[in-house]
Amino acid sequence: MLYHNDQVKWLTEHLKKINMSDREIMDAKRGIVERQSYGFRDPVVKNVVDKFVSRSDVGYEKYGRTLDDERTGGHKNLAGYLNDIQEELMDAVLYIQAARDELQDLSEEALIDKIKYDEEEI
């Protein structure tokens, strides 16, 4: 007889063989047979929601569990979540600085190109 984890592993492999996506497999394991579809007035909102779903899929593929699984399964406590938030925000500040530096470089290059072009016109 298979243990529960072995059953889940077997089911996952079987569902992948019949070309189900990771999201469909996760839904099947949880007994979800249909997902609600949303209409969006704003394509910007749709784009963000699509990115959230994609990000969730990446996280599930990487860690093999959802954030809800992580929370309810005791895989991380409040201090762990606060640490993750702090690290992500520190990364965000670094990305902002790198983007500002890139914008500055592009502005300087555009100015140099304009000066060169203006000199050629004279």
Side-chain angles (χ1 to χ4, degrees):
M1 178 171 170
L2 294 173
Y3 294 101
H4 178 70
N5 288 343
D6 291 334
Q7 290 171 326
V8 170
K9 185 177 178 182
W10 177 87
L11 176 62
T12 301
E13 293 304 316
H14 173 71
L15 294 173
K16 282 186 179 183
K17 287 178 187 174
I18 59 173
N19 294 323
M20 289 181 75
S21 70
D22 286 336
R23 179 158 298 279
E24 291 169 321
I25 292 168
M26 186 171 51
D27 286 351
K29 288 179 186 177
R30 292 171 181 238
I32 299 170
V33 294
E34 184 178 343
R35 284 204 168 263
Q36 184 171 356
S37 178
Y38 295 95
F40 293 95
R41 287 183 297 272
D42 188 337
V44 173
V45 174
K46 181 186 182 313
N47 188 22
V48 171
V49 170
D50 289 345
K51 288 181 180 187
F52 271 118
V53 171
S54 178
R55 184 80 178 134
S56 175
D57 289 342
V58 168
Y60 186 78
E61 183 69 29
K62 184 174 181 180
Y63 298 106
R65 59 182 175 251
T66 65
L67 282 173
D68 186 61
D69 295 336
E70 184 177 83
R71 186 184 65 79
T72 59
H75 300 281
K76 191 175 289 186
N77 60 17
L78 182 58
Y81 286 116
L82 290 170
N83 186 62
D84 287 351
I85 292 166
Q86 184 180 41
E87 289 175 358
E88 294 294 338
L89 291 173
M90 289 188 305
D91 288 346
V93 170
L94 295 176
Y95 297 144
I96 290 168
Q97 186 60 52
R100 292 180 81 155
D101 292 348
E102 181 67 14
L103 181 61
Q104 180 66 35
D105 291 349
L106 291 172
S107 296
E108 289 172 2
E109 289 172 16
L111 183 59
I112 290 168
D113 289 345
K114 183 178 180 342
I115 291 169
K116 286 180 183 176
Y117 176 79
D118 288 347
E119 287 177 352
E120 290 173 0
E121 292 293 313
I122 296 179

Just how far is it from atom CG of Asn77 to atom CZ of Arg71, taken to the nearest 0.5 Å? 13.0 Å
Contacts of Tyr63 meeting side chain to side chain donor-acceptor pair (under 3.5 Å) (sequence neighbours excluded), chain-then-number -> none
As an exercise, state the distance from CG of Asn83 to CD of Glu88, rounded to the nearest 0.5 Å. 10.0 Å
Taking only residues two or more places apart in sequence, or in another chain, which ones meet Val58 in a side chain to side chain contact (heavy atoms under 4.5 Å, CB included)? Arg55
Value rounded to 0.5 Å, distance of CG in Leu106 from CG in Leu111: 12.5 Å
With sequence neighbours left out, what residues match Lys76 under salt bridge (Lys or Arg N to Asp or Glu O under 4.0 Å)? Glu70, Asp84
Glu108: what forms a side chain to side chain donor-acceptor pair (under 3.5 Å) with it, not counting sequence neighbours? Gln104
Contacts of Asp101 meeting side chain to side chain donor-acceptor pair (under 3.5 Å) (sequence neighbours excluded), chain-then-number -> Gln97
Between Val48 and Phe52, is the side chain to side chain contact (heavy atoms under 4.5 Å, CB included) condition met? List the steps. CA-CA 6 Å; Val48 171; Phe52 271 118; 3.6 Å; yes
Rounded to the nearest 0.5 Å, how far does NZ of Lys51 lie from OG of Ser56? 16.0 Å
Please report the interatomic distance OG1(Thr72) to CG(Leu67), rounded to the nearest 0.5 Å. 10.5 Å
With sequence neighbours excluded, residues passing side chain to side chain contact (heavy atoms under 4.5 Å, CB included) with Glu119: Ile115
Judged by modelled atom types alone, do Thr66 and Asp69 share a side-chain donor-acceptor pair under 3.5 Å? yes
